[in-house]
Amino acid sequence: MDHLLAVAQQFTPQGKVLDIREYGNGNVNDTFLVTLDSPEEKHFILQRLNTRVFPRPELVMGNLSTMSEHVRRRLKLAPLAPPRRWEAPRVLPAQDGRDHFIDPGGSFWRALSFIDAAETFDTIKDMEHAREAGYALGMFHRLLSDLPLESLADTLPGFHITPIYLRHYDEVLAKEGASKSPEKDYGLHSVRERRTWADVLENAKAQGRLRLRPIHGDPKVNNVMMDTATGQAVSLVDLDTVKPGLIHYDIGDLIRSGCNPLGEETEHWETVRFEPELCRAILQGYLSLARDFLTGYDYEYLYDAIRLLAFELGLRFFTDYLAGNVYFKVSHREHNLARALVQFKLTESIESQERAIRAIIRDLG
Ligand code: GN1
Ligand code: MG
């Protein structure tokens, strides 16, 4: 705690630190909410970046500033009609003016402004929430649609490239020693069944059907902030994975997380189900802002994107389980296995409703 206080003070020229508490439930970084005795900035977000996942944190910070300045510029030129608001977290400087602080132990810390009067949810509450979550991603893509790709660094090479995750899985599998179990067998079977299809988006990219654009990289439903008073989306947070990519990764990630009412941490993986009506509402919200920058091919690959992102996350969790939990934070040894089963079951549910999901995409297209 003393250590945390010393780190927080690095980012607080004015104001006394009243409280520091753990915040959110990220699987990668450590996040804290700092409360200050200061009229201007009552709270801010303090994070320790996981430098095993992000080996070049300075690139992450560069992308963050580039994109949040771009967004603020665009919103200034074309403000939203109140009570609509859209906010991009600001990077708060440390005492020495830099955008981060490295503690004596070598940890990389940064501070971000807190978005007031807003909250997040791990699962979708209702249709309106679903539409707003879709709206948030549409807004995000739209605001970045004119940001030149060259201005964004690749902070995480290989991120969302499913064939690369498969290669890594094969390497891990060749030397893993996890004990035999029906759950592990289900995981092995799930990957075996789908591996030849897993390059679907990368192939479309190589064929020139899908092109790179600025993406969020991690727009799962609990990264969408909702205004506590109006229930409208106000921000998409957790911006470490902003980089050039396929918007399909984002759309797939929002839909796989939003249409799983039991949530990705449920212990009842056998009953996990994909809810197509939530998918319809998310896409409606998304398309209300994204329609004019989508191509025919973009629509054509939406179903695959939804299916793939659920499968890919299952594969990533499962691989990490087999590797001994080296990437995602876990609270017990089988945690990543449990998470993997949820995503594989979700993938199955998506596949069994393929016709209904494709019909929804067609209706809205
Ligand atoms: C990780 O840390 P968090 O929860 O924001 C992961 C995402 C996964 C997500 C699954 C950099 O994000 O890709 O979809 O867990 N982030 C990284 O909950 O790997
Ligand atoms: Mg994240």
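As the structure lists them, so they are numbered: ligands from 1, and atoms in each ligand from 1. The analysis underlying the following values was restricted to heavy atoms, covering all of them including side chains, and did not include hydrogens, waters or symmetry mates.
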Fill in the blank from the handout: among protein heavy atoms, the one nearest atom 4 (O) of ligand 1 is K220 NZ, 2.6 Å
Practice task
May I ask you to check whether over 12 heavy atoms, not counting those of H332, lie within 6.0 Å of atom NE2?
Solution key: yes
Problem - Atom of D238 nearest the Mg ion (ligand 2) (restricted to N/O/S, atom name only) - result: OD2
Handout entry: Side chain D199, main chain N203, donor-acceptor under 3.5 Å
Key = no
Practice task
In sequence, state the C-alpha distance, the side-chain angles, and the governing distance for Y135 and Y286, and then conclude on ring-ring contact (aromatic ring centres under 6.0 Å, His included).
Solution key: CA-CA 5 Å; Y135 171 97; Y286 180 74; over 10 Å; no
Practice task
Decide whether the shortest distance between a heavy atom of R256 and an atom of ligand 1 is less than 4.0 Å.
Solution key: yes
Exercise for the section: Determine, stepwise, if the pair L239 / V60 fulfils side-chain contact (heavy atoms from CB on, under 4.5 Å). Expected result: CA-CA 8 Å; L239 302 165; V60 171; over 6 Å; no
Exercise for the section: Starting from atom 10 (C) of ligand 1, locate the nearest protein heavy atom and write down its residue, its atom name and how far away it is, to 0.1 Å. Expected result: E264 OE2, 3.1 Å
Completion exercise
Of all protein heavy atoms, the one nearest atom 3 (P) of ligand 1 is N27 N, 3.5 Å
Exercise for the section: Just give me the atom name: the N, O or S atom of D218 closest to the Mg ion (ligand 2). Expected result: OD2
Handout entry: Shortest protein contact, atom 12 (O) of ligand 1 (heavy atom only)
Key = D218 OD2, 3.2 Å
Handout entry: Non-hydrogen atom of R339 closer than 4.0 Å to ligand 1
Key = no
